[in-house]
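Each chain gets a letter, A, B and so on, in the order the sequences are listed, and its residues count up from 1. All values derive from a computational prediction rather than experimental measurement.
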There are 2 protein chains.
Amino acid sequence: MASPMYRQIAENLREQIESGALHPGQQLRTELELRDHYGASRNTVRDAIKWLTTLGLVETRPGQGTFVVRKIDPFVSTLTPDPKREPEEDSRLLLGPGEGETYRAEVARRLRTSDKTEPQVEILKASGLIASQLQVAEGTPVVSRHQKRYIDGTPWSLETSSYPMELVNRGARRLILAENIEEGTVRYLATCLDLQQVGYRDWITVRAPDGAEATFFNVPQDGRVGLYEIRRTAFDQNGIPMRLTVTLYPTDRNQFIVNVGEVPETDSVPASDEQGALAAG
Amino acid sequence: MASPMYRQIAENLREQIESGALHPGQQLRTELELRDHYGASRNTVRDAIKWLTTLGLVETRPGQGTFVVRKIDPFVSTLTPDPKREPEEDSRLLLGPGEGETYRAEVARRLRTSDKTEPQVEILKASGLIASQLQVAEGTPVVSRHQKRYIDGTPWSLETSSYPMELVNRGARRLILAENIEEGTVRYLATCLDLQQVGYRDWITVRAPDGAEATFFNVPQDGRVGLYEIRRTAFDQNGIPMRLTVTLYPTDRNQFIVNVGEVPETDSVPASDEQGALAAG
DNA sequence: GGGTATTTGTCCGTATGTATT
DNA sequence: AAATACATACGGACAAATACC
């Protein structure tokens, strides 16, 4: 009872949305109509809408109206290798998902289309994260390859792979070319330099996007939608880090799976809507 | 130039915060002082503060003031097993982190203290997620054990493990007792029923907390801080799901690591502040 | 405990700007 | 160009939470 009016209005609208009375994509009544309906001022109605906006339930479009958000069909990526993959020519080579054709196959299996831009290549001096993860001194030259990935035409991930410049000097010239390496850089480095990726470590965090990232992913500027930042450090057969890949994925459209030990196949994707009964009380 | 006044005020304050002129925990000037300082109305100043609030840079406390947020020292959990763990008596038994003593050891190694509540046990009929993951018919009885976990006194995770009731009927009576199973339920089920956990699948999503979850974790009600929801389905030696554990972790204080293949040890934790140079342009 | 000053929270009304149709 | 709808900005009033005496 003690809850303020704008919260009560928000709650009322929320129930309409979650009951389905207002379906995704549908336009709400205008602020002036809601003002009359609830007998409140327009500012109070706007406070209610702002609350629903930060909850991610509605979005406002200037000049158009307020709309119930359409939930994006999430895409599920597996961070561990596919156990049933054909053994490589070199059996020690360990390919992660998205490294080679696996990723495309996973997308196709879900009847969705993937697309990625040509890499944007940059040579810079290692600093901070890159230096520490690649275990090189600060200032050591590294090659960074940026790529944007799309699924069904919507922006899905931003990827930056960094390699020690030394690999290029040893013959991996294609790393500095701004073109896709079709067989995958992991295989390329294996054939070119006999550098075998025998393992990797993924470091998973969530943070707010900066302005440019929010623009690219088409998420709000104010940080309501977070980004997974997954840092993959890959190691060669000598235990030396050969690559750092940092990939950003919006949390509103991405999920991940980690398989450990012996796990059965999954063809069916469990309902991701299910909230489960998890009270904190 | 075209940016609205409240954004300019917010930007000015943001620079002061990020430059260190306003240090974490410090109180900002009051809304009335800021109003005079910027020559704006109090409501416009409040819009600026609200913007910074959703960005997670400041927090307001009624009756006290507005403060620069203190960042929480994140805790890092590893989702894959420790490769150097002593082999089990039964070598097929595969323990994940947090299952047994590993979790406590990981906390202690970081010089932090862990604590967890006695489990709250509940018997309910499987539905939705639980039924599909445990591969039982809807309505089948299951045992759910809820636990709250704390690190350094602050709430860290909410865990709900669900087991088919059949396991209890077959002799695993301690599952329905509201007390901790010190050796871990994985070992208990192995010794008690010869049920060996040979693998598990983790499903990682991020979602907004509900009201009770936000209260427990002491995060804002409006969903600015998301929760990792990690669903672990564990399989026995016959490939049958024996357990579903759903754990909730606030994204503002938790990070995860996944090790695949051969990876070297890490004693040093890389700087988590490092933003890296990842432009979306 | 009570009272008071301070500070943020809620709510109102109004005017004007900007984006879209 | 006009109409519509949300965005920004102002000013005022009172409520609620907190701190301090």
query: Of the nucleotides dC11(C), dA13(D), dT8(D), which one has an atom closest to the side chain of R42(A)?
result: dT8(D)
task: Identify which nucleotide among dG13(C), dC6(D), dC10(D) has an atom closest to any side-chain atom of T66(A), counting heavy atoms from C-beta outward.
output: dC6(D)
- line: When A40(B) and G63(B) are each assigned the nearest nucleotide of DNA chain D, the 5'-most assignment goes to A40(B)
query: Separation of L34(A) atom CG from dC6(D) atom P, in whole Å?
result: 8 Å
- request: Side chain of E31(B) only, please: which of dT8(C), dC6(D), dC11(C) is the nearest?
  value: dT8(C)
- prompt: Going by atom types alone, do Q8(A) and N12(A) pair a side-chain donor with an acceptor below 3.5 Å?
  reply: no
- prompt: Given atom CD of Q27(A) and atom C1' of dC6(D), what is their separation to the nearest angstrom?
  reply: 11 Å
message: Output the rounded distance in Å from CD (Q221(B)) to C1' (dG9(C)).
response: 16 Å
message: Expressed as a whole number of angstroms, how long is the span from N43(B):CG to dC14(D):C1'?
response: 14 Å
field: Atom-pair distance (OH on Y38(A); P on dC11(C)), nearest Å
entry: 14 Å
message: Could you tell me how far apart L32(A) (CG) and dC6(D) (P) are, to the nearest whole angstrom?
response: 7 Å
- request: Apply the test side chain to side chain donor-acceptor pair (under 3.5 Å) to residues Y6(B) and N43(B): give CA-CA distance (whole Å), side-chain angles for both, the deciding distance (0.1 Å), then the verdict.
  value: CA-CA 9 Å; Y6(B) 80 95; N43(B) 279 327; over 6 Å; no
task: Sequence neighbours left out, what passes salt bridge (charged side-chain N to carboxylate O under 4.0 Å, His left out) with E118(A)? Give chain and number order.
output: none
- prompt: Do T251(A) and V225(A) touch side chain to side chain, with heavy atoms closer than 4.5 Å?
  reply: yes
- prompt: Do P119(B) and N180(B) have side-chain heavy atoms sitting under 4.5 Å apart?
  reply: yes
- line: Among dG9(C), dC6(D), dT18(D), the one nearest any side-chain atom of Q64(B) is dT18(D)
- request: Would you mind telling me which of dC12(C), dC11(C), dG9(C) lies closest to the side-chain atoms of P62(B)?
  value: dG9(C)
message: Among residues 44-60 of chain B, which ones have heavy-atom contacts with DNA chain C below 4.0 Å?
response: R46(B), T60(B)
message: Counting C-beta onward and ignoring hydrogens, is there a side-chain heavy-atom pair between H146(B) and T117(B) closer than 4.5 Å?
response: no
message: Please report the distance, rounded to the nearest Å, between CZ in R29(B) and P in dT6(C).
response: 18 Å
message: Tell me the interatomic distance from F67(B), atom CZ, to dT18(D), atom C1', rounded to whole angstroms.
response: 10 Å
field: Flag for T215(A)-Q221(A): side-chain donor and acceptor within less than 3.5 Å
entry: yes
field: Assigned partner base of dA1(D), Watson-Crick or wobble definition, under 3.5 Å
entry: none
